[in-house]
Amino acid sequence: MKNIVIFGPPGSGKGTQSDKIIDEFGLAHISTGDVLRAEIAKETDLGILAKKYIDDGQLVPDDVIIGMLAGKLDELKNTKGVIFDGFPRTTAQAVALKEMLNERETDVAAMISLEVNKEELIDRLLKRGKASGRSDDNLETIEKRINVYHKQTAPVIEFYKMEGTHYPVHGVGSVDDIFSDIAHIISKA
Ligand code: AMP
């Protein structure tokens, strides 16, 4: 399996680039944010719990996310590989992902880290909020999410640097140019 982590702050283009990776490489996709929003729409216990954190711009607790992901991985065991989008968001999640993949005799081939400056992130997320109506795409929550990214999520970069699989990509410019950098990395991974 060729498993890819697509990483970056909120608004860095993880979802947009995931769609293109799926088309080009035929990988399966797990977006923890999409899974949580589906649970919220179905009003499950998990959804009700997650909504409190999401609307406050905070991370859903690690044990909840890791348990949710383990179930999804088993559904995808016969695929060519998986794109992890929005996961891992803490070092504990990165360690858990490594363990879960190793148990299934696979690993992360590349962690692609999209680099976008804060002004651009805020601009993109405010625009997205107008179209998507996402409850967390308002200025106050966006700023909280970016702070949470720097405090809790950015340290994940160090984990993948140690693993030797961290690939930074400049995430500002045309979607196709950014994708061409990503495709080059995935082809070689
Ligand atoms: P996203 O759609 O990836 O921007 O995620 C939206 C929100 O879902 C985040 O701000 C978090 O509250 C929650 N979330 C998504 N993925 C995770 C994760 N891996 N760990 C913790 N919380 C998450």
Side-chain angles (χ1 to χ4, degrees), residues 3-22 27-73 75-76 82-101 108 111-116 118 120-160 171 182:
N3 302 304
I4 305 294
V5 170
I6 183 107
F7 184 87
S12 57
K14 299 186 292 292
T16 303
Q17 294 297 336
S18 290
D19 290 344
K20 295 184 76 73
I21 298 169
I22 295 161
L27 301 181
H29 181 218
I30 300 181
S31 154
T32 42
D34 285 352
V35 176
L36 292 170
R37 281 184 288 276
E39 295 288 329
I40 292 172
K42 285 188 277 178
E43 298 182 354
T44 62
D45 289 347
L46 169 59
I48 291 162
L49 174 88
K51 187 168 168 46
K52 284 191 289 192
Y53 293 96
I54 293 180
D55 286 352
D56 191 33
Q58 305 298 320
L59 297 184
V60 175
D62 282 337
D63 54 342
V64 176
I65 293 285
I66 292 165
M68 181 178 98
L69 197 93
K72 290 273 155 200
L73 266 187
E75 288 170 25
L76 299 175
V82 179
I83 310 170
F84 296 95
D85 166 3
F87 179 93
R89 259 180 159 96
T90 61
T91 304
Q93 291 180 17
V95 171
L97 178 62
K98 184 174 172 65
E99 284 171 4
M100 284 189 277
L101 292 178
V108 170
M111 183 269 214
I112 293 164
S113 178
L114 294 168
E115 298 185 336
V116 177
K118 186 173 174 184
E120 174 80 16
L121 295 174
I122 294 176
D123 195 50
R124 288 184 190 178
L125 290 168
L126 286 175
K127 281 198 189 117
R128 183 176 77 184
K130 284 193 191 128
S132 72
R134 259 179 68 164
S135 58
D136 54 349
D137 282 344
N138 60 77
L139 187 57
E140 189 191 345
T141 315
I142 289 168
E143 293 203 318
K144 275 194 198 169
R145 286 158 63 205
I146 294 174
N147 287 337
V148 164
Y149 169 80
H150 286 296
K151 284 206 185 90
Q152 292 177 259
T153 303
V156 171
I157 292 172
E158 294 309 314
F159 178 88
Y160 287 101
I182 292 175

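All ligand and atom numbering here is 1-based and tracks the order in the structure.
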Checklist entry - What do you reckon, is NZ of Lys144 surrounded by more than 12 foreign heavy atoms closer than 6.0 Å? => result yes

Checklist entry - Between Thr44 and Glu39, is a side chain to side chain donor-acceptor pair (under 3.5 Å) present by the stated rule, with each step listed? => result CA-CA 6 Å; Thr44 62; Glu39 295 288 329; 2.6 Å; yes

Item to check | Residue pair Gly57 / Val148: nearest heavy atoms and the distance that separates them | outcome: O-CG2, 3.5 Å

Next on the checklist: One thing to verify: whether Asp56 and Lys52 come together as a salt bridge, which I'm taking to mean a side-chain N less than 4.0 angstrom from a carboxylate O.
Outcome noted: no

Item to check | Residues Lys14 and Asp85 bridged, charged N to O under 4.0 Å | outcome: no

Could you pull out every N or O of ligand 1 that sits under 3.5 Å from a protein N or O, with the distance for each pair?
residue: ligand 1; atom: 2 (O); partner: Arg37; partner atom: NH1; Å: 2.9
residue: ligand 1; atom: 2 (O); partner: Arg37; partner atom: NH2; Å: 2.9
residue: ligand 1; atom: 2 (O); partner: Arg134; partner atom: NH1; Å: 3.4
residue: ligand 1; atom: 3 (O); partner: Arg89; partner atom: NH1; Å: 3.0
residue: ligand 1; atom: 3 (O); partner: Arg89; partner atom: NH2; Å: 3.1
residue: ligand 1; atom: 4 (O); partner: Arg89; partner atom: NH2; Å: 3.3
residue: ligand 1; atom: 4 (O); partner: Arg134; partner atom: NH2; Å: 3.2
residue: ligand 1; atom: 5 (O); partner: Arg89; partner atom: NH2; Å: 3.4
residue: ligand 1; atom: 12 (O); partner: Gln58; partner atom: O; Å: 2.6
residue: ligand 1; atom: 16 (N); partner: Thr32; partner atom: OG1; Å: 2.7
residue: ligand 1; atom: 16 (N); partner: Gly86; partner atom: O; Å: 3.4
residue: ligand 1; atom: 16 (N); partner: Arg89; partner atom: NH1; Å: 3.0
residue: ligand 1; atom: 19 (N); partner: Gly86; partner atom: O; Å: 2.9
residue: ligand 1; atom: 19 (N); partner: Gln93; partner atom: OE1; Å: 3.0
residue: ligand 1; atom: 20 (N); partner: Gln93; partner atom: NE2; Å: 3.0
residue: ligand 1; atom: 22 (N); partner: Val60; partner atom: N; Å: 3.1

Checklist entry - Going by atom types only, do Thr141 and Asp136 share a side-chain donor-acceptor pair under 3.5 Å? => result no

